[in-house]
Participant: 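Here you go, one structure.
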Amino acid sequence: MISETVHSLLDALVITFSMYAMKLVNVKDSRFTYGLHRLEIVSSLANVATVVVGSIIVSLISLLYLIEGMRDQPVILTFASVIAFSLSLLPLSKRDETTRSGVWLHAVQDSLAYLIGILTGVIIIATGWYFIDPVSSLVIVSIMVLTSIKSMKGSLYVIMEGSPLDIEEMESELRKEIPGIHHIHVWDICNHLRVATLHVEEQSNVTLKELDEKRVKIEKLLGERFNINHVTIQFESEAERS
């Protein structure tokens, strides 16, 4: 009961934060020129980290129980796990763009933990093997860590503005259609907003209308081929480069 109280408290805090963060995503603020979409990544990271930390705390409490000779009531453990497992399935039916990498993964991990809790209770009732309790906790922590690594690495990569694309390969491909393109930078603001900046060499006698037509072509090309939503293009003359 103590370990589940800690788990539920952490869940309540992080999911409340996630709900509040999702409301702020589309709020316009002149201090954040790309919007507050990065809160989606922070929310995802907080959800995954909370599951891992919560699982470790639960395991430590279970080990303390084993050392001190204290025992849970397996019937209560099983009954509570069944109820918690049923409730944890509700968020799984509401997967969408804003929650798929954070709250949704959190719900999947919780469901796995409660399912293991049910199996643990059944085994203890059938065999009397109380040492299964801390063993199952260690299994849960291992599952949580292994299922969280990819999501945590992905979130940190976005926060550090790592490029989701191979820039050298991208530049090589684009030069076949736009010879003067260079200085390409691409990064993700969040899961559904990808940004790019780049330079394009042009002859000094090109008209503004021609440059505008080329800009539209480049934006369309980047959107269709690389899923880039926002592009900033700097044109420069060949004379300036030389």
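Just so you know, residue 1 is the first one in the sequence shown, and it goes up from there. Only this structure's heavy atoms are used, side chains among them; waters, hydrogens and symmetry mates stay out.
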Participant: Less than 4.5 Å apart, side chain to side chain, heavy atoms only: is that true for Thr120 and Ile118?
Facilitator: no
Participant: Just how far is it from atom CD1 of Ile143 to atom CG of Leu146, taken to the nearest 0.5 Å?
Facilitator: 8.0 Å
Participant: Ignoring hydrogens, what is the shortest heavy-atom contact between Trp187 and Glu161? Give both atom names and the distance.
Facilitator: CB-O, 4.0 Å
Participant: If we ignore angles and hydrogens, is there a donor and acceptor under 3.5 Å between the side chains of His182 and Glu236?
Facilitator: yes
Participant: How close do Ile178 and Lys214 get, counting heavy atoms only, and between which atoms?
Facilitator: CG2-CE, 4.0 Å
Participant: Contact between Val195 and Ile228 at the side-chain level, heavy atoms closer than 4.5 Å - yes or no?
Facilitator: no
Participant: Report yes or no: does Arg215 contribute a side-chain atom to a donor-acceptor pair with the main-chain N or O of Gln234 at less than 3.5 Å?
Facilitator: no
Participant: Ignoring hydrogens, what is the shortest heavy-atom contact between Leu165 and Met170? Give both atom names and the distance.
Facilitator: CD1-SD, 3.9 Å
Participant: Check the pair Ser172 / Glu169 against side chain to side chain donor-acceptor pair (under 3.5 Å), numbers first and verdict last.
Facilitator: CA-CA 5 Å; Ser172 177; Glu169 183 179 323; over 6 Å; no
Participant: Applying a strict under-4.5 Å side-chain criterion to I, L, V, M, F, W and Y, I'd like to know whether Val122 and Leu119 cluster together.
Facilitator: no
Participant: Can you tell me how far the NE2 atom of His183 sits from the CD1 atom of Ile167, to the nearest 0.5 Å?
Facilitator: 12.5 Å
Participant: For a quick test of reading the model, state the closest non-hydrogen atom pair linking Ile159 to Ile41 and the distance between them.
Facilitator: CG1-CG2, 3.8 Å
Participant: Would you find a donor on one side and an acceptor on the other, under 3.5 Å apart, between the side chain of Tyr157 and the backbone of Pro164?
Facilitator: no
Participant: Taking the side chain as everything from C-beta on, heavy atoms only, tell me whether Met152 gets closer than 4.5 Å to Leu45.
Facilitator: yes
Participant: Donor-acceptor pair, distance only, cut-off 3.5 Å: does the side chain of Arg38 make one with the backbone of Cys190?
Facilitator: no
Participant: Are Glu219 and Glu224 side-chain neighbours, meaning at least one heavy-atom pair lies under 4.5 Å?
Facilitator: no
Participant: Ile184 versus Leu174: any side-chain heavy-atom pair under 4.5 Å?
Facilitator: yes
Participant: Should Leu198 and Leu222 count as side-chain neighbours, where that means a heavy-atom distance under 4.5 Å?
Facilitator: yes
Participant: Give a yes or no on whether a salt bridge exists between Lys217 and Glu177, defined as a side-chain N under 4.0 angstrom from a carboxylate O.
Facilitator: no
Participant: Passes side-chain contact (heavy atoms from CB on, under 4.5 Å), Ile125 versus Ile123? Steps please.
Facilitator: CA-CA 5 Å; Ile125 292 171; Ile123 292 173; over 6 Å; no
Participant: Would you confirm whether Asp188, through its side chain, and Val158, through its main-chain N or O, come within 3.5 Å as a donor-acceptor pair?
Facilitator: no
